[in-house]
**Q** 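I'd like to ask you about the structure that follows.
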Amino acid sequence: MARTQSADLDRKKFFADPVMVTTIAVLIAFLSLFILYPLAILLVDSFVTDNGLTLDVFRRIMGMSNFRRAISNTLKVGFLVGIASALIGLLFAYVEVYVRLRTRFMEGLFRVVSMLPVVSPPFVLSLSMIMLFGKAGIVTRYLLHIYDNSVYGFWGIAIVQTLTFFPVCYMMMKGLLKNIDPSLEEAARDMGASRWKVFTSVTLPLVLPGLGNAFLVTFIESIADFANPMIIGGSYDTLATTIYLQITGAYDKEGASAMAVVLLCITLFMFILQKYWLEAKSTATLTGKASRERMLITDRSVTLPLTILCSLLAVFVIVMYICVPFGALFRTWGYDFHLTTKWFQQVFKRYKGLKAFKDSFVLSLIASPITALLSMIISYLVVKRKFRARGFIEAVSMLAMAVPGTVLGIGYIRGFSSGVFRTGFLQGLYGTGAILIIVFVVRSLPTGTRSGISALRQIDKSIEESAYDMGADSFRVFMTVTLPLIKDSFLSGLVTAFVRSITAISAIILLVTPQYLLITVQINEFAEKGAYGIACAFATILIAITYGSVLLMNLVIRYFGTSRKFEEE
Amino acid sequence: MAKEKKGVRLEHISKIYQDPKTKKDFYAVRDTTLDIEPGSFVTLLGPSGCGKTTTLRMIAGFESPDEGEIYLGGEPINALTPNRRDTAMVFQSYALLPHYNIFDNVAYGLKLRKLDKAQIREKVTGILKLVGLEGMESRMTNQLSGGQQQRVALARALVLEPGVLLFDEPLSNLDAKLRVSMRTEIRRIQQEAGITAVYVTHDQSEAMAISDKIIIMEKGVVAQMGTPQEIYYHPDSEFVADFIGEANFLRGTLVSRDGTDGVVEIGGSRVAVCDIRQQKAGDNCTLVLRPEAAVIADKGQLPCRVVLSCFMGSYQNYHVMVGDTLVKITDFNPKNKKIYSVGDEAFVAFETESVHVL
Ligand SMILES: Nc1ncnc2c1ncn2[C@@H]1O[C@H](COP(=O)(O)OP(=O)(O)OP(=O)(O)O)[C@@H](O)[C@H]1O
Ligand SMILES: [Mg+2]
């Protein structure tokens with residue numbers, strides 16, 4: 001029994017479709033060149049020296065005490081942040097799904113909390129942390145009269161990252177909790193179990209894999225985070241910042257490459273664990289949709305403490321964010337609280353703010369449609385087509401999710417500064433806006449692809465087959481059927497890519513040349529210098545831009561979106 | 001429709017799949033040779049998993065055969081992609097394009113063929129009239145009932161004037177009543193358009209009502225192909241006999257043969273039969289007796305004992321034991337007939353032409 005003839009025929013049919021063949025070829029080239037190659041070159045850099053294949057570089061960096069410390073620092077922070085975020089996320093999700101929220105206000109709080117980290121640059125919380133609790137912090141200095149409080153270091157990073165990442169866990173856990181069949185818990189209640197007992201014996205075991213999943217996702221985010229440790233870490237260096245300093249400060253390219261390899265290995269390991277073990281497990285236990293409405297908990301002894309706890313946390317997070325625009329409006333934070341517009345003026349007059357916004361805006365604006373389209377094409381190919389390289393395309397675009405920005409940045413420096421494989425080929429790319437756009441695309445591709453894949457999985461495959469059958473080639477099918485059907489996912493992918501690009505920093509900071517001023521890089525620079533007024537002014541405008549685009553997207557989806565029309569009839 | 005009708009020919013077609021669990025290859029369709037005449041309505045019928053959909057999808061081009069060649073109107077089409085094949089498929093789930101209205105759904109294929117606007121309008125209007133949907137051009141697909149969606153799917157396929165129309169259980173999402181009226185409708189439209197049609201179903205009455213020829217499939221191979229009458233009255237195997245309609249199987253031995261006539265002995269009773277095929281005197285054979293082809297009477301070929309007697313309105317339903325074999329008999333219009341009750345001893349009576357020898 002041989003399946004050769006069908007394989008031959010499938011190949012013939014495949015090559016009868018030149019648009020698709022070209023697309024796939026371009027895609028493979030793009031993914032190989034801009035995701036695989038930079039990582040490969042890091043391996044080459046760190047293993048191959050003048051003496052051939054050796055472990056010299058690794059021996060050298062492992063000899064550096066600051067590197068060893070960075071590893072343990074990173075893992076410690078990641079561990080704590082992962083656990084804290086997962087638990088707080090669970091708390092919020094539980095309250096939302098199980099507890100009757102009395103008021104509109106509470107619902108609003110929850111919505112804002114889930115929304116904020118989407119629209120804000122990743123490091124604003126570090127700024128506000130310093131402004132609230134630092135040496136000149138309002139809370140520490142003016143309310144508590146502590147004059148030498150230091151927020152820099154382990155606790156600073158841990159708190160800021162937890163507050164930044166827990167909303168993601170909250171959304172993940174919410175999805176899981178909603179899928180628990182209420183009758184499971186009611187059965188346990190019926191048999192006389194207390195609420196706490198039900199939670200620990202029924203609910204918790206059901207969501208435990210999901211909790212582990214949330215932990216790992218956050219863990220990866222935490223150890224890949226660059227900006228927060230940079231701003232609030234002080235002398236407490238993590239892997240991401242150490243690598244950055246190794247290449248920008250010590251100009252040790254091989255060392256930085258080897259360190260990047262170490263960081264990559266850690267995230268990759270966690271990612272594989274998460275992807276292949278926990279992700280499947282976390283939903284496997286909860287396949288059934290809830291059969292009916294859940295009886296919400298109204299018992300005051302439960303609702304009151306939970307509600308208060310959540311409100312406090314939510315309010316705290318919101319205050320942290322609000323702190324940023326105010327930071328831009330006071331004359332000297334911590335000393336002179338007269339309102340002023342001088343920081344905003346300075347942004348534009350002295351620090352070429354307009355150019356910074358224009359550069360960031362334009363580059364992100366170019367990157368986002370490319371990302372959105374690319375991720376839709378990848379999802380289409382992965383979900384709907386059968387061909388040899390499909391596995392490769394899917395794997396590499398998912399792999400990008402596990403690559404920390406810093407690692408990618410180093411890879412690009414090593415891979416492109418003197419051309420591909422140091423041959424000078426494509427050297428012209430280095431230092432241009434094009435490579436920044438490519439980085440933006442690569443960094444947002446996995447999120448877009450993931451959402452595209454899940455959107456496409458919902459579409460009956462015979463709809464596309466019917467178009468194909470009526471005479472459309474793959475390109476036509478994609479443009480006239482697939483894309484219109486996943487318009488919502490495409491639009492939100494567009495905005496997500498834009499927001500992610502304009503708020504990105506970790507890879508970009510390594511690759512940006514003076515020719516381009518990017519907002520995030522500016523914020524980072526001023527924050528490091530302690531010029532919080534300017535940093536806050538930049539950040540405020542940035543948040544306004546991102547929030548504005550999210551609003552715009554919701555508006556566009558409301559009026560032009562597809563899903564609403566389908567559901568309503 | 002002026003276009004020439006095309007026949008479909010499958011020559012030694014096989015399709016091999018890999019079982020996702022055991023990772024073993026197996027034949028979903030095996031060495032199938034079929035000749036579908038131009039303009040005829042042919043139904044693929046068989047139990048779930050027997051390879052009907054796979055066969056249809058190979059004709060449409062979605063799957064590639066592992067052995068053999070498919071011809072459409074004399075041309076080999078193995079290497080053609082679905083969009084280049086002169087086939088049009090009506091899907092079980094209708095697969096209408098949800099973001100288009102009825103008109104655009106039907107016009108989709110025509111636009112791809114670069115017809116001009118006036119021509120498209122004319123054709124679409126014509127075809128919508130044929131399927132009884134005139135005036136609904138601007139409705140969205142989700143504003144239609146299941147039956148109407150089915151008509152759109154049919155119109156969309158018909159308007160392309162394909163060489164062959166393919167249907168994969170197009171009626172299985174409709175309620176029983178609508179199924180009956182739609183199948184008549186499909187048959188009428190196919191006749192009017194004069195298009196070759198290959199139709200997949202696992203509903204035998206649908207297959208009987210609609211087809212010129214029925215192809216019974218079993219585990220990937222063709223068990224029998226023939227007109228509904230041939231299949232029903234002269235099944236080639238117990239599988240076919242059992243699958244189409246109800247059948248009683250009576251085991252016996254051929255005691256004598258004279259031309260195609262002969263005598264079969266069943267549990268001591270002798271039964272005259274006709275249309276014997278390959279068996280010789282002394283061979284074991286099986287008689288197929290349809291429940292409605294026999295009655296219970298005081299005289300007949302086979303003695304029996306009644307074990308169930310049940311009034312069903314239009315018929316009396318009997319289960320009787322002939323030796324160790326349970327035989328079902330439906331006696332239609334029982335009003336003025338003698339009704340036997342449980343425990344009665346009687347005979348199963350039938351005409352010689354009503355039994356079929358396997
Ligand atoms: N893509 C596939 N990969 C592996 N096995 C498949 C695939 N498609 C179908 N099969 C198997 O091939 C066999 C025939 O499937 P097919 O869909 O043709 O059956 P069918 O006769 O249409 O059944 P039904 O009446 O249930 O629709 C089945 O055993 C099925 O599980
Ligand atoms: Mg089928």
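Lettering of chains follows the sequences in order, A, B, ..., and the numbering in each one begins at 1.
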**Q** Which bit of A:Ser474 is near chain B, if near means a heavy-atom gap under 4.5 Å: side chain, backbone, both or neither?
**A**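 Nothing of A:Ser474, per the 4.5 Å heavy-atom cut-off to chain B.
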
**Q** Do any of residues 446-470 of chain A come closer than 4.5 Å to chain B, heavy atom to heavy atom, and if so which ones, in number order?
**A** A:Asp460, A:Lys461, A:Ser462, A:Ile463, A:Glu465, A:Ser466, A:Ala467, A:Tyr468, A:Asp469, A:Met470

**Q** What part of B:Tyr100 is in contact with chain A, defined as an atom under 4.5 angstrom from a non-hydrogen atom: side chain, backbone, both or neither?
**A** side chain

**Q** Please flag which part of A:Arg11 lies under 4.5 Å from any non-hydrogen atom of chain B: side chain, backbone, both or neither.
**A**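 The answer is neither part of A:Arg11.
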
**Q** Side chain, backbone, both or neither: which part of B:Leu166 has a heavy atom under 4.5 Å from chain A?
**A** neither

**Q** Among A:Asp17, A:Asp473, A:Leu9, which residue has the highest count of heavy-atom pairs closer than 4.5 Å to chain B?
**A** A:Leu9

**Q** Could you pull out the closest heavy-atom pair between B:Ala79 and A:Lys12, with the gap in Å?
**A** CB-CD, 3.8 Å

**Q** Which atom names give the shortest non-hydrogen contact between A:Gln5 and B:Pro65, and what distance separates them?
**A** NE2-O, 3.4 Å

**Q** Check each atom of B:Gln92 against the heavy atoms of chain A and say whether the ones under 4.5 Å are side chain, backbone, both or neither.
**A** neither

**Q** Please classify the contact of B:Lys15 with chain A as side chain, backbone, both or neither, using a heavy-atom distance under 4.5 Å.
**A**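 The side chain, not the backbone.
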
**Q** Which atom names give the shortest non-hydrogen contact between A:Arg3 and B:Asp66, and what distance separates them?
**A**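 Smallest heavy-atom distance, with atoms named: CA-OD1, 3.1 Å.
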
**Q** Return the set of residues passing ring-ring contact (aromatic ring centres under 6.0 Å, His included) with B:Phe103 (not counting sequence neighbours), or none when no residue passes.
**A** none

